[in-house]
Amino acid sequence: MPERPELLQIGGVSDRMAERLAASFTVTRLPDAYEGFLAERGADFVAIATTHGVPDDVQAGLPNLKVISSFGVGYDSINADAAAEHGVIVAHTPDVLNDEVADTAIMLWLAVSKELVPAERWARSGTWEAQGNYPLARSVRGRTVGILGLGRIGQTIAKMAGMFDAKVIYHARTKKDVPYRYCPDLVEMAREADVLIVITPGGPETRHLVNAEVLRALGPEGILINIARGSVVDEAALVEALGDGTLGAAGLDVFEEEPKIPEALKSMDNVVLVPHIGSATKETRAAMGDLVCDNLDRWLVDGRVIAPVPECRHLNE
Ligand code: NAP
Ligand code: 8YV
């Protein structure tokens, strides 16, 4: 292996990441139009650092690729099965963002329930002075919180929900060793929950898990919080349910066609919309960037990474 092996960078990185990557690798940024580039240079690269997934044709166009280090815990924009099949280890950034993403989920729940955005508008626009007090909102205290996906972040959200005297219930494919009640049926859980917080991975397996039936079960007083991936919720069904009162309200960090958000959602008062900021603080993004680089530096030492995705764990032993 050369002293500073060739690394392909996909997407932008912070100055701190750029410095660290350049200390260990010879870094080339993937150009916007990359067809000719892949044919000419594809065989040079043994590593990828990405903040933007890996297009299938790029992955397939790097015959000597050995490791992909991805910024983010979700890796639905990387074909991890194909990577594993070709002996390529995919690494990601779990755990370092649990608290941040859970904080954002709870923030959305509070903002929706206590009507932060319209209340703030009421204060800012002078309506308070002209018309008097803002109408009463709903308390978050003592609610039943249904969590869809009780993994690292889901369990952090569950703990935080306890601070609001919540009764936590959850749905996943398998029952966990946790002090919360497992609901094997998502629709049943939605019927029981006041708030449904979605925090599963994205990808084909979870596509539209939250469909019209689940939204109907959550009901006209129910709140949906999606901090997972836009694909997990049927957005067209969501727009309809919010519009006709089948569902009460929603707080959304992620969307099916990011950065596009349906115009109908933008015009609704019972919805809080934020632009995929779940982990977006300087501190947490720095920790994620460090883990991207730590994964690669460890790979340089012994061919293993600190945080392989499950599909690649066998390659990391
Ligand atoms: P994790 O520890 O792997 O947890 C995932 C959970 O989802 C597990 O409880 C898993 O349990 C469940 N799950 C997986 N497939 C499922 C299915 N088909 N049906 C029902 N439950 C399913 O992952 P994490 O670290 O908590 O992260 C979760 C996801 O959050 C990431 O993959 C990413 O998409 C999203 N995320 C979003 C942001 C943001 O900025 N908005 C930030 C970070 C992460 P079972 O295996 O038992 O089903
Ligand atoms: C990031 C995320 O915004 O970790 C994830 O899965 O969705 C977020 O933390 C994203 O990965 C940055 O591109």
Side-chain angles (χ1 to χ4, degrees), residues 9-14 17 49-54 68-78 80 90-108 146-160 168-178 180 182-190 196-211 214 225-233 251-256 258-259 272-289 291-292 307-311 313:
Q9 179 192 319
I10 304 179
V13 299
S14 64
M17 280 180 76
T50 178
T51 56
H52 216 77
V54 181
I68 298 172
S69 188
S70 179
F71 184 88
V73 66
Y75 53 96
D76 44 306
S77 53
I78 297 174
V90 180
H92 64 156
T93 61
D95 291 318
V96 294
L97 41 53
N98 292 350
D99 289 340
E100 205 67 69
V101 180
D103 290 354
T104 307
I106 298 290
M107 173 186 81
L108 281 172
I147 301 183
L148 171 55
L150 201 77
R152 291 168 291 240
I153 302 171
Q155 291 190 34
T156 311
I157 293 172
K159 242 183 258 158
M160 290 182 70
V168 174
I169 55 180
Y170 72 98
H171 173 76
R173 291 167 302 183
T174 55
K175 190 173 184 299
K176 320 285 174 200
D177 183 17
V178 290
Y180 315 114
Y182 177 58
C183 301
D185 187 297
L186 174 57
V187 175
E188 287 302 317
M189 178 170 89
L196 175 62
I197 301 182
V198 185
I199 187 65
T200 61
E205 283 206 26
T206 55
R207 187 180 139 74
H208 290 189
L209 267 185
V210 178
N211 57 19
V214 173
I225 303 297
N226 187 9
I227 189 95
R229 285 289 181 264
S231 59
V232 187
V233 175
L252 307 171
D253 182 50
V254 287
F255 304 87
E256 283 206 81
E258 290 177 19
V272 175
L273 306 170
V274 290
H276 202 146
I277 56 164
S279 66
T281 62
K282 290 179 180 169
E283 297 81 0
T284 295
R285 288 291 171 86
M288 291 163 66
L291 186 46
V292 169
V309 303
E311 291 85 341
R313 269 189 201 136

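Counting starts at 1 for both ligands and their atoms, in listed order. Given the structure is predicted, the values throughout are model-derived calculations rather than measurements.
- By the criterion of a heavy-atom distance under 4.0 Å, the side chain of L209, and not its backbone, is placed next to ligand 1.
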List ligand 2's nitrogen or oxygen atoms that come under 3.5 Å of a protein nitrogen or oxygen, with the partner atom and distance.
| unit_1 | atom_1 | unit_2 | atom_2 | d |
| --- | --- | --- | --- | --- |
| ligand 2 | 3 (O) | R285 | NH2 | 3.0 |
| ligand 2 | 4 (O) | V73 | N | 2.8 |
| ligand 2 | 6 (O) | G74 | N | 2.8 |
| ligand 2 | 6 (O) | R229 | NH2 | 2.8 |
| ligand 2 | 7 (O) | R229 | NH1 | 2.8 |
| ligand 2 | 7 (O) | R229 | NH2 | 3.2 |
| ligand 2 | 7 (O) | H276 | NE2 | 2.8 |
| ligand 2 | 9 (O) | S279 | OG | 2.7 |
| ligand 2 | 11 (O) | F71 | O | 3.3 |

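- Against a heavy-atom cut-off of under 4.0 Å, S279 is close to the following atoms of ligand 1: 40 (O).
- Inclusion of D253 in the set of residues having an N or O under 3.5 Å from an N or O of ligand 1 is warranted.
- Less than 4.0 angstrom separates some heavy atom of G74 from each of these atoms of ligand 1: 31 (C), 32 (O), 33 (C).
- At a 4.0 Å heavy-atom cut-off, ligand 1 touches A228 through the backbone alone.
- Ligand-side atoms of ligand 1 in range of G278: 39 (C), 40 (O), range being under 4.0 angstrom from any heavy atom.
- In this pair, Y182 and Y170 present their aromatic rings tilted. The plane angle is within the 30 to 60° band.
- The closest approach between a heavy atom of E100 and any atom of ligand 1 is not below 4.0 Å.
- Contact between P94 and ligand 1 is absent, with no heavy atom of the residue lying under 4.0 Å from the ligand.
- Under 4.0 angstrom from ligand 1, the non-hydrogen atoms of R173 come from both its backbone and its side chain.
- For a threshold of 3.5 Å applied to N or O pairs, the pair formed by R152 and ligand 1 contains at least one separation below that value.
- Close approach of ligand 1 to V101 is summarised as follows: ligand atoms under 4.0 Å from at least one heavy atom of the residue are 42 (C), 43 (C).
- Checked against salt bridge (charged side-chain N to carboxylate O under 4.0 Å, His left out), R207 has the following partners two or more places apart in sequence or in another chain: E256.
- Tested against F71 for a side chain to side chain contact (heavy atoms under 4.5 Å, CB included), the candidates H92, H52, R285 yield a single pass: R285.
- No side-chain heavy atom of T51 sits under 4.5 Å from any side-chain heavy atom of Q9.
- Close approach of ligand 1 to I227 (heavy-atom distance below 4.0 Å) involves ligand atoms 36 (N), 37 (C), 38 (C), 39 (C), 41 (N).
- Between the side chain of N98 and the backbone N or O of V101, no donor-acceptor pair lies under 3.5 Å.
- For ligand 1, the atoms closer than 4.0 angstrom to any heavy atom of L150 are 9 (O).
- For the pair D76 and ligand 1, the shortest N or O to N or O distance does not fall below 3.5 Å.
- Atom numbering of ligand 1 starts at 1 in the shown order; those under 4.0 Å from a heavy atom of H276 are 39 (C), 40 (O), 41 (N).
- Proximity of T174 to ligand 1, defined as any heavy-atom pair under 4.0 Å, is shared by backbone and side chain alike.
- For E258, the CD atom counts as densely surrounded, since its 6.0 Å shell holds more than 12 non-hydrogen atoms of other residues, nucleotides or ligands.
- Contacts between I153 and ligand 1, counted as non-hydrogen atom pairs separated by less than 4.0 Å, involve both the backbone and the side chain.
- For atom 30 (O) of ligand 1, the closest non-hydrogen atom on the protein side is I199 CD1, 3.1 Å.
- Each of the atoms 18 (N) of ligand 1 lies under 4.0 Å from some heavy atom of E205.
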